[in-house]
There are 2 protein chains.
Amino acid sequence: MSEAEKASGQLDPHSATPLYIQLANVIEAAIRAGSLAPDRPIPSEHALADEYGVARLTARRAAQELRERQLIVTVRGKGSFVAKNPPAQA
Amino acid sequence: MSEAEKASGQLDPHSATPLYIQLANVIEAAIRAGSLAPDRPIPSEHALADEYGVARLTARRAAQELRERQLIVTVRGKGSFVAKNPPAQA
DNA sequence: TCAGATTTGTTCGTATGTATT
DNA sequence: CAATACATACGAACAAATCTG
């Protein structure tokens with residue numbers, strides 16, 4: 001992610017990197033920084049969409065990306081939770 | 001998949017199984033039956049959507065599912081092709 | 001038990017961009 | 001250039017699971 005993203009937590013719609021990857025990267029950084037603790041829920045799709053100014057489906061794709069990175073576990077009707085044992089940084 | 005799906009190749013919108021999973025199952029069956037040969041393209045998203053009466057994104061999700069099952073390989077601008085060495089049936 | 005709010009899951013529609021032929 | 005096809009992203013709607021009152 002860009003320096004701007006690291007600093008502000010905002011996304012760059014003009015970046016070659018897809019928004020959902022940018023968002024997944026931002027959340028992964030927060031998880032690895034400890035801002036989002038294990039077994040605690042991450043913000044809901046709706047909240048993420050609002051916060052970052054993207055569509056809910058884009059936030060969903062970011063969550064799917066994080067599931068594939070094994071950083072979160074999602075439970076329908078409850079939310080997505082930070083994984084207890086995330087793999088080492090890629 | 002249901003017996004009806006096996007027999008007709010049609011999908012059941014009222015099934016508890018998501019449409020994109022049903023469609024992926026139908027296509028997987030076709031691949032394993034040899035109706036879709038290795039290195040041959042499967043029908044396009046638009047064609048699948050038309051043929052089965054689903055949205056293109058649903059056909060897209062079926063294709064994504066098949067990619068995760070390592071049954072097809074998708075090449076941008078060309079199409080999705082039956083994998084040469086698919087894993088054994090799950 | 002029930003109603004409502006919250007959250008994720010699925011589906012459809014549409015638009016724009018990019019790559020290949 | 002045009003046609004085809006995949007990638008991304010927006011909006012909208014409803015279903016299903018969960019939780020709370």
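Lettering of chains follows the sequences in order, A, B, ..., and the numbering in each one begins at 1. Atoms considered below: every heavy atom in the structure, side chains included; atoms not considered: hydrogens, waters and symmetry mates. Keep in mind that what you see is a predicted model, and the values were worked out from it rather than measured.
Residues A:L48 and A:A59 share a closest heavy-atom pair of CB-CB, 4.1 Å.
To the nearest 0.5 Å, atoms OG (A:S80) and CZ (A:R60) are separated by 8.5 Å. With rounding to the nearest 0.5 Å, the separation of CD in A:Q22 from OG1 in A:T58 is 11.0 Å.
Comparing A:V75 and B:S80, the nucleotide of DNA chain D nearest to each residue sits closer to the 5' end for B:S80. Both A:P18 and A:G77 lie close to DNA chain D; mapped to their nearest nucleotides by heavy-atom distance, the more 5′-ward contact belongs to A:P18. Position along DNA chain C of the nearest nucleotide to B:L57 versus A:R76 favours A:R76 as the more 5'-ward residue.
In this structure, the CZ atom of A:R61 is 16 Å from the P atom of C:dT8, given to the nearest Å. Between B:R60 atom CZ and C:dC12 atom C1' the separation is 15 Å, expressed in whole Å. Between the CG atom of A:L66 and the P atom of C:dT8 there is a distance of 13 Å, rounded to whole Å. Computed from coordinates, the B:K78 NZ to D:dA7 C1' distance equals 17 Å when rounded to whole Å. In this structure, NE2 of A:H14 is placed 18 Å from P of D:dT8, rounded to the nearest angstrom. Rounded to whole Å, the distance from CG on A:D50 to P on D:dC10 is 13 Å. Taking atom CZ of residue B:R56 and atom C1' of nucleotide D:dT8, one finds them 10 Å apart after rounding to whole Å. As rounded to whole Å, 12 Å separates atom P of D:dA12 from atom NE2 of A:H46.
Between B:R61 and B:E65 there is no salt bridge, since none of the side-chain N atoms of the basic residue sits less than 4.0 Å from a carboxylate O of the acidic one.
Regarding contacts with the backbone of D:dT8, a side-chain N or O of A:Y20 is found under 4.0 angstrom from either OP1 or OP2.
Residue contacts shown for B:L19 are limited to sugar-phosphate atoms, with no base heavy atom under 4.0 Å away.
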